[in-house]
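This is a predicted model, so every value here is computed, not measured.
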Amino acid sequence: WTPRKRWPVLYLLHGCCDPYGGWTAATDVVALTARSDLLVVLPEGGRIGFYSDWAIGDRWETFHLVELRRILEERYRAGSVRAIAGLSMGGFGALGYAARHPGLFRAAASFSGIVHTRLSPARTEWYRQLVRREGADPDALWGDPHRNAEVWAAHNPYDLAPSLRGSTLFVSVGDGRPGPYDPPGTPVDEVEAALAAENAALIARLRALRVPVHVDFYGPGTHTAPYWQRELHRAWPL
């Protein structure tokens, strides 16, 4: 230990509609990182904050990448080596932050992430209804998806794919069928199945752009924590 040492930082982003402590409550992330000399940061991102500066409302991106970053550097000796990962909505945040801030994160990982909010009009509307179910105005997030299409694109990992070049990428998702961590009788998880389609589109775009990415489309698996814990272990070497 030295008082001048700076620590690498891993940001772990939670999903909708969990609190920031979801990672520690549902996975072994504490044990996994216990012997590593780094800061593990689990920031609050709002139940449905979408890791964005809302058109009207909270400014999560500014909080995380300006205010929180300054606190970490001034009070916790955070260094310039950073990685970011997240599950579901957090995967959306991890890839979005890495793309909109090239060079800030050396690695970015998405586990069952929201990666293409504009895959289809029905998919776009699904996300708008999700925001509405959480008691917020969907237009307050990125505006109307037609009139403000450029804002939606600026917050959509699929559209941002060219800007992901330069970060080491890891993308994983299941197909929604019950897998090894699901009890007998578990039905098909429609959320994970829909995310599989989004992730397939993203990977096809990254490959067309020749952007390197580590992919784990692991087949059977639902939208639940045991799979995200396993994928964090698989991404950890990166």
Side-chain angles (χ1 to χ4, degrees), residues 1-3 5-47 49 51 60 63-65 68-69 71-73 75-95 97-98 104-115 167-174 176 178-184 186 189 191-192 195 199 213-238:
W1 183 86
T2 169
K5 183 175 178 63
R6 289 277 169 176
W7 307 102
V9 183
L10 170 62
Y11 292 81
L12 278 180
L13 307 183
H14 66 82
C16 168
C17 303
D18 295 328
Y20 67 89
W23 274 107
T24 52
T27 76
D28 67 350
V29 64
V30 173
L32 174 65
T33 61
R35 295 183 180 273
S36 300
D37 288 336
L38 81 162
L39 301 177
V40 182
V41 182
L42 283 69
E44 175 61 55
R47 284 180 59 83
Y51 298 97
W60 292 109
F63 167 55
H64 292 143
L65 302 187
L68 176 60
R69 178 181 162 194
I71 290 170
L72 293 170
E73 291 172 353
R75 302 184 188 179
Y76 296 90
R77 302 204 309 276
S80 60
V81 177
R82 308 176 193 88
I84 189 166
L87 63 90
S88 193
M89 183 181 75
F92 171 90
L95 296 184
Y97 282 178
L104 190 61
F105 297 101
R106 294 195 183 184
S110 168
F111 314 127
S112 301
I114 296 167
V115 298
S167 293
T168 299
L169 303 176
F170 181 95
V171 175
S172 69
V173 70
Y181 300 117
D182 299 299
T186 299
D189 190 325
V191 171
E192 191 75 2
L195 291 173
N199 279 265
V213 56
H214 298 264
V215 179
D216 187 10
F217 284 6
Y218 47 84
T222 55
H223 201 67
T224 52
Y227 297 97
W228 303 325
Q229 173 172 288
R230 184 187 67 187
E231 294 308 300
L232 178 61
H233 280 255
R234 289 178 174 176
W236 182 248
L238 303 181

The single option from Leu12, Ile71, Leu10, Leu72 passing side chain to side chain contact (heavy atoms under 4.5 Å, CB included) against Val41: Leu72

Over 12 foreign heavy atoms within 6.0 Å of OH, Tyr76: no

CA sep, side-chain torsions, deciding dist, call: Leu42, His14, side chain to side chain contact (heavy atoms under 4.5 Å, CB included): CA-CA 8 Å; Leu42 283 69; His14 66 82; over 6 Å; no

Flag side-chain contact, heavy atom, 4.5 Å: Val171 against Val115: no

Value rounded to 0.5 Å, distance of CD in Gln229 from CG in Leu87: 12.0 Å

Closest approach of Tyr218 to Tyr227 (non-hydrogen atoms, all atoms of both residues): OH-CB, 3.6 Å

Close side-chain approach of Leu13 and Phe92, heavy atoms under 4.5 Å: no

Leu232 side, atom CG; Asp28 side, atom CG - distance, nearest 0.5 Å: 7.5 Å

Closest non-hydrogen atom pair, Gly91 against Ser110: CA-OG, 3.6 Å

Flag side-chain contact, heavy atom, 4.5 Å: Glu192 against Thr222: no

Arg234 atom CZ, neighbour heavy-atom count above 12 within 6.0 Å: yes

Distance-only donor-acceptor check, side chains Trp228 and Ser112, under 3.5 Å: yes

Shortest non-hydrogen contact from Trp236 toward Ser36: CZ2-OG, 3.4 Å

Shortest non-hydrogen contact between Glu231 and Asp216, atoms and distance: OE1-OD2, 2.7 Å

Distance, nearest 0.5 Å, that separates CG of Leu68 from CD of Glu73: 9.5 Å

Taking every non-hydrogen atom, the tightest pair across Arg77 and Lys5: NE-O, 2.9 Å

Short side-chain to backbone donor-acceptor contact, Arg6 and Ala78, under 3.5 Å: yes

Inter-residue atom distance Ser172.OG - Arg230.CZ, 0.5 Å rounding: 8.0 Å

Any side-chain heavy-atom pair of His223 and Ser88 under 4.5 Å: yes

Arg69 side chain reached by Val9 side chain, heavy atoms, under 4.5 Å: no

Within 6.0 Å of OH in Tyr20, more than 12 heavy atoms from elsewhere: no

Single hit among Phe170, Tyr11, Tyr97 for ring-ring contact (aromatic ring centres under 6.0 Å, His included) with Phe105: Tyr11

Distance-minimising heavy-atom pair for Pro178 and Pro220: O-CB, 3.4 Å

For Trp23, the option from Asp18, Val30, Val29 that meets side chain to side chain contact (heavy atoms under 4.5 Å, CB included): Val29

Residue pair Trp7 / Val40, side-chain heavy-atom distance below 4.5 Å: no

